[in-house]
Structures are given as structure tokens and as C-alpha cells.
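No hydrogens, no waters, no symmetry mates; every other heavy atom, side chains included, goes into these values. Start at 1 and go down the list; that is how both ligands and their atoms are numbered.
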Amino acid sequence: MRRLEDIEERPRNIMPKKIRLPKGKKTKYAIVLGTRPEIIKMAPIIREFEEQGLNYIIVHSGQHYSPHMDSNIFKDLNFPKPDYNLKVGSNSRGKQIKHIMKDLENIFKDEKPDIVLVEGDTNTVLAGAYAASNTGIKVGHVEAGLRSHDRRMPEEINRILTDHISDYLFAPTSRSKENLLKEGIEENKIYITGNTIVDAILQNLEISNHDSHYAKSLIGRLNTRDYVFLTLHRQSNVDSKTQLKIILEEIVKIPKEYGLEIIFPMHPRTKKMISEYNLGRHVERGKGILATEAVGYLDCLQLESKAKLIMTDSGGLQEESCILGVPCITLRENTERPETLAVGSNALIGKEYHKLLDYVGKSLKKGNNWKNPYGDGKTAEKIVEIIQNDLDLIKCAE
Ligand code: UD1
Ligand code: UDP
């Protein structure tokens, strides 16, 4: 049997052959998730666990709970029911993190997983990683190394802290690896794997072409064939009345100028703020905007893939538009997805909302001849192979 010192010295980027563990020594994995994008981006990893018959549990924090943000997405992805739901609900950032951590620490003490996997940059992600690290469990961060370099964003703080307490960092691209190296994170913890969003698209686009009846009914309600797909939910955009008003006032000019309509599935946060700030008149049907509740994942993929243009402040949609070959305008000052700017699929509005119509014109003309920087759709397979080999070796030596 290998000695522990050998294991620690092994260069981690070289994949060893699969190890057969003796009975009773099966590695146990825990997945912690809590919001819509985490469910979507973790689904390919869960699928891999299922295919390989691995021993795993899923803990849902309950940060997202409305059916269209949670159970509908689970159904679309054929996702197994979580083993635990912490039902944290909506609350202040501090209270959410504290509640999730406290419950997770108890669960981890009982379940004793060998590793906890988290994905992305939400409060659930930070709480999951921190609770694991506090209870002496290894942490794997899927989608590590993204940086907007804007510390006003809670997500940026969540990313930085999570990366610095993780043992396995799965960076989607070489840029995200560079970000981690610049912050002094050891190279032997970092793996460039691509992003599981590509796996999710490859696994679901065809199904979406057949099964997205609601998306098709929305498209059928338009007066034109061509539309812009819009989503908004970033705190900096929707929690400020001034900012939200600026954005909506400019967007509403698009239908008249370009003869396009706008499909706008509203995140619950956005719906709430539009109502609270009395801005509903900007998203009326008569103005060429079809606003709805958030849609399911299969409907979303369908609406994205058939759009002429995507406008968003979502991280996931910047990636999906790039992968699906639809130009994107990002309604933010910065992005932690600079790869999409570099390949030319995405344009960042910054503070130039007064020029939004020009951005739209340029984006509509740009075609879609760019290369997807997020990998080949085998990210989940790579991640599972890395952790499985490593943890099985450690387990074997125990
Ligand atoms: C969270 C993440 C964000 C991620 C987004 C994905 C943090 C800090 N933010 O933002 O990074 O991009 O999820 O969508 O973790 N609400 C409902 N039903 C729900 C969920 C939320 O009605 O199922 C409403 C509540 O009024 C809540 C508000 O939306 O107060 C915001 O929810 P919250 O989870 O705090 O932040 P998100 O904006 O969803
Ligand atoms: N999405 C969805 N329904 C919608 C809007 C988005 O299923 O109405 C999906 C979208 O396909 C993407 C993910 O949700 O995969 C992005 O989540 P979100 O924008 O909430 O969060 P972010 O990616 O910004 O963290």
C-alpha cells in the first residue's frame, strides 16, 4: 500500500489509475447547494455520481424556495430529492450564512463526508465551504477563480473567501486559474476543468427543443418572430430605484427602434422591486415587453437559444449566450466572465445606458463566429475523476 508521504508528494495534475477500495472504505461526497444556478451547474456532477454509483448526499440550504426558482428547476433536470433541506429562506446575508453554517456543521458531524462540493458564489456556497472547513472536511469549489474585482458585490466576497478555504479549486479557464495564482493559492490545488454549464447545455438543449411548451407559447404570443431575451436580478441593478429606472427606460426604446420585442422572465427579487418602486408601467405588454414569472430551465434554454440578442446581468446567462451562439449585452459595470468579452460574444455596458441602442445595433450585426471558452462538456466527468482518485487514495492509506 502507498504511504501517506507518497500521496502528498504526488503531482496532482497527473491522473493515477482508479483505485479499488476495500469494502467499508467507500468515499462519501456531500453536495451543498441552495439557488437556481447552483442546481443547474451541479446537475452534471450529480449525474456523474449517479452513473458511477458513488456514495453521496445533497444538502439544499433553501436559499431559493419559490417553485419557479427551485422545484421546477429540479423537475426539469430530473434531479434527485435533496437528503436535507435547511429551509433558510430569505433573510439578511449574515443571518442566512449563520443559519446554514450551524445546520451544516451538525449534518457533517453525523454524515461524515470526505469532501463537500460547492458551486459558484452565493451565500450558500460560502456557508457550505466554511462549515466544511470548520469541521475538518475537505472543500471542492466548482467554478473557482472568477473575479469581478468589485468588492461591493457580496458574490465577490463569497468567491474570494471560498477559494481561500478550498482544497480543490476547479477553475473553468486559464484566466480563472491566473486569478487564483495571483492571490497566492498553491498551484497544486488548482485544476482547469471548463465549466459544468457546457455539460448542462449539451445534456438539455435537445430535450428543451421538444419539451419547452411554455417557452413556445410565449414566443407564439409575440407580434414579431424576433425578440430580445432579458433577465435582471443583480442587487446593484434592482435594489436601487434610480438604477432600475435608468435601465428600464432605455430598454423600453428597443422595440420601437429595432422592431424586436422583449421577453423578460422576472427573478422574484426584480418583480418585487419593480412593484415596490412603482415601475410597472415600463414593462407593459403595449410597450413591446412580455414580462413573466421566472421560467423553468428547459424553457429558459429554449428562449435563449432562439433569441436574436440576450441582455442580462446574470453570470450564467453570459456563459450560456456565448455557448449557444447568441450575442449578449451585459448590463453591469464589470464582469467576472471576461472570457466572453475576449471571444467577442459579450459586450459590457458599463455606465453607458444612454448608448444602449447603439450597443444593440452593434450586437445584432456581429454574427456568432466565436469559440466557446468554457470547455467540451466533460467538466463534471473531469471533476469527479480528480476527487475520486485523490480521495480514494487517501482513504486507502487511512
Ligand atoms: C442569489 C445570489 C446571487 C445569484 C442569485 C441567483 C447571494 C448573495 N446572491 O441572489 O449571487 O446570482 O441568487 O438567482 O447569495 N426570493 C423569492 N423566492 C425565492 C428566492 C428569492 O421570492 O425562491 C426573493 C425574496 O424576496 C428575496 C429576494 O428574492 O429577499 C432575494 O433573494 P436572495 O436569495 O437573497 O438573493 P438573489 O437575488 O436570489
Ligand atoms: N434561468 C432559468 N430561468 C429563468 C432565468 C434563468 O432557468 O427565468 C437559468 C439560466 O438558464 C441559467 C441560470 O438560471 O442557467 C442563471 O441563474 P441566475 O441568473 O439566477 O444566477 P447567476 O448565474 O447570475 O448567479
Does an N or O anywhere in Y65 fall below 3.5 Å from an N or O of ligand 1?
yes
Nearest protein heavy atom to atom 2 (C) of ligand 1, by residue and atom, and its distance?
T122 CG2, 3.9 Å
Flag for N179-R147: side-chain donor and acceptor within less than 3.5 Å:
no
Under the salt bridge (charged side-chain N to carboxylate O under 4.0 Å, His left out) test against D239, which residue among R152, K272, R269, R234 passes?
R269
Report yes if Q96 has an N/O atom closer than 3.5 Å to an N/O atom of ligand 1; otherwise report no.
no
For atom 25 (C) of ligand 1, what is the closest protein heavy atom, and at what distance to 0.1 Å?
S90 OG, 3.4 Å
Using a strict 4.0 Å cut-off to heavy atoms of M69, name the atoms of ligand 1 that fall inside it.
23 (O)
Any D70 heavy atom less than 4.0 Å to ligand 1
no
Do N195 and T379 have side-chain atoms, one donor and one acceptor, less than 3.5 Å apart?
no
Write down the atom of L324, the atom of L205, and the distance for their closest heavy-atom approach.
CD2-CD2, 3.9 Å
Ranked by distance from atom 8 (C) of ligand 1, the top protein heavy atom is N123 OD1, 3.2 Å
Proximity winner for atom 39 (O) of ligand 1, if only heavy atoms of E156, H233, H64, Q63 are counted:
H64
Minimum heavy-atom distance D121-R159, with the two atoms named:
OD2-NH2, 2.9 Å
Proximal ligand 1 atoms for K272, defined as those under 4.0 Å from one of its heavy atoms
26 (O), 30 (O)
Should E257 and K253 count as an ion pair when the cut-off is N to O under 4.0 Å?
no
R234, portion touching ligand 1 at heavy-atom distance under 4.0 Å:
side chain
Which of the atoms in ligand 1, numbered in the order shown and given with their element, are less than 4.0 Å from a heavy-atom of E155?
3 (C), 9 (N), 11 (O)
Side chains of E304 and S321: donor-acceptor distance under 3.5 Å anywhere?
no
P37, G120, S66: member with heavy atom nearest to atom 19 (C) of ligand 1
S66
Quick note on ligand 1: atoms under 4.0 Å from a heavy atom of P268 include exactly 16 (N), 17 (C), 18 (N), 22 (O), 24 (C)
May I ask you to decide if L301's main-chain N or O and S305's side chain share a donor-acceptor pair within less than 3.5 Å?
yes
Using modelled atom types only, decide if a donor and an acceptor are shared between the side chain of K366 and the backbone of G344 within a distance under 3.5 Å.
yes
Quick one: closest heavy-atom pair of H99 and L86, and the distance?
NE2-O, 3.2 Å
Ligand 1 atoms in contact with H267 (distance to a heavy atom under 4.0 Å):
14 (O), 37 (P), 38 (O), 39 (O)
Does a side chain donor of either D150 or N334 reach within less than 3.5 Å of an acceptor in the other side chain?
yes
Going by distance only, is there an N or O of R93 that falls short of 3.5 Å from an N or O of ligand 1?
no
Ring pair (Phe, Tyr, Trp, His ring centres under 6.0 Å) partners of residues 58-84, not counting sequence neighbours, each pair once
H60-F74, H64-H267, F74-F79
Could you list which atoms of ligand 1 come closer than 4.0 Å to a heavy atom of D121?
11 (O)
Among all protein heavy atoms in this structure, tell me which lies nearest to atom 31 (C) of ligand 1, with the distance rounded to 0.1 Å.
R269 NH1, 3.5 Å
Closest approach of P44 to T196 (non-hydrogen atoms, all atoms of both residues)
CG-O, 3.6 Å
Answer yes when K177 and E187 have at least one side-chain N-carboxylate O distance shorter than 4.0 Å, and no when they do not.
yes
Write down the atom of C322, the atom of T340, and the distance for their closest heavy-atom approach.
CB-CG2, 4.0 Å
Are any protein N/O atoms closer than 3.5 Å to the N/O atoms of ligand 2? If there are, list each pair with names and the distance to one decimal place.
{"residue": "ligand 2", "atom": "3 (N)", "partner": "V295", "partner atom": "O", "Å": "2.7"}
{"residue": "ligand 2", "atom": "8 (O)", "partner": "R36", "partner atom": "NH1", "Å": "3.4"}
{"residue": "ligand 2", "atom": "8 (O)", "partner": "V295", "partner atom": "N", "Å": "2.9"}
{"residue": "ligand 2", "atom": "8 (O)", "partner": "V295", "partner atom": "O", "Å": "3.4"}
{"residue": "ligand 2", "atom": "11 (O)", "partner": "E304", "partner atom": "OE2", "Å": "3.4"}
{"residue": "ligand 2", "atom": "11 (O)", "partner": "E320", "partner atom": "OE1", "Å": "2.9"}
{"residue": "ligand 2", "atom": "11 (O)", "partner": "E320", "partner atom": "OE2", "Å": "3.0"}
{"residue": "ligand 2", "atom": "14 (O)", "partner": "R36", "partner atom": "NE", "Å": "3.4"}
{"residue": "ligand 2", "atom": "15 (O)", "partner": "E320", "partner atom": "OE2", "Å": "2.6"}
{"residue": "ligand 2", "atom": "19 (O)", "partner": "S314", "partner atom": "OG", "Å": "2.7"}
{"residue": "ligand 2", "atom": "20 (O)", "partner": "R36", "partner atom": "NE", "Å": "3.1"}
{"residue": "ligand 2", "atom": "20 (O)", "partner": "R36", "partner atom": "NH2", "Å": "2.8"}
{"residue": "ligand 2", "atom": "23 (O)", "partner": "S314", "partner atom": "OG", "Å": "3.4"}
{"residue": "ligand 2", "atom": "23 (O)", "partner": "G316", "partner atom": "N", "Å": "2.8"}
{"residue": "ligand 2", "atom": "24 (O)", "partner": "H233", "partner atom": "NE2", "Å": "3.4"}
{"residue": "ligand 2", "atom": "24 (O)", "partner": "R234", "partner atom": "NH2", "Å": "2.7"}
{"residue": "ligand 2", "atom": "24 (O)", "partner": "S314", "partner atom": "OG", "Å": "3.4"}
{"residue": "ligand 2", "atom": "24 (O)", "partner": "G315", "partner atom": "N", "Å": "2.9"}

Any N or O of N158 closer than 3.5 Å to N or O of ligand 1:
no
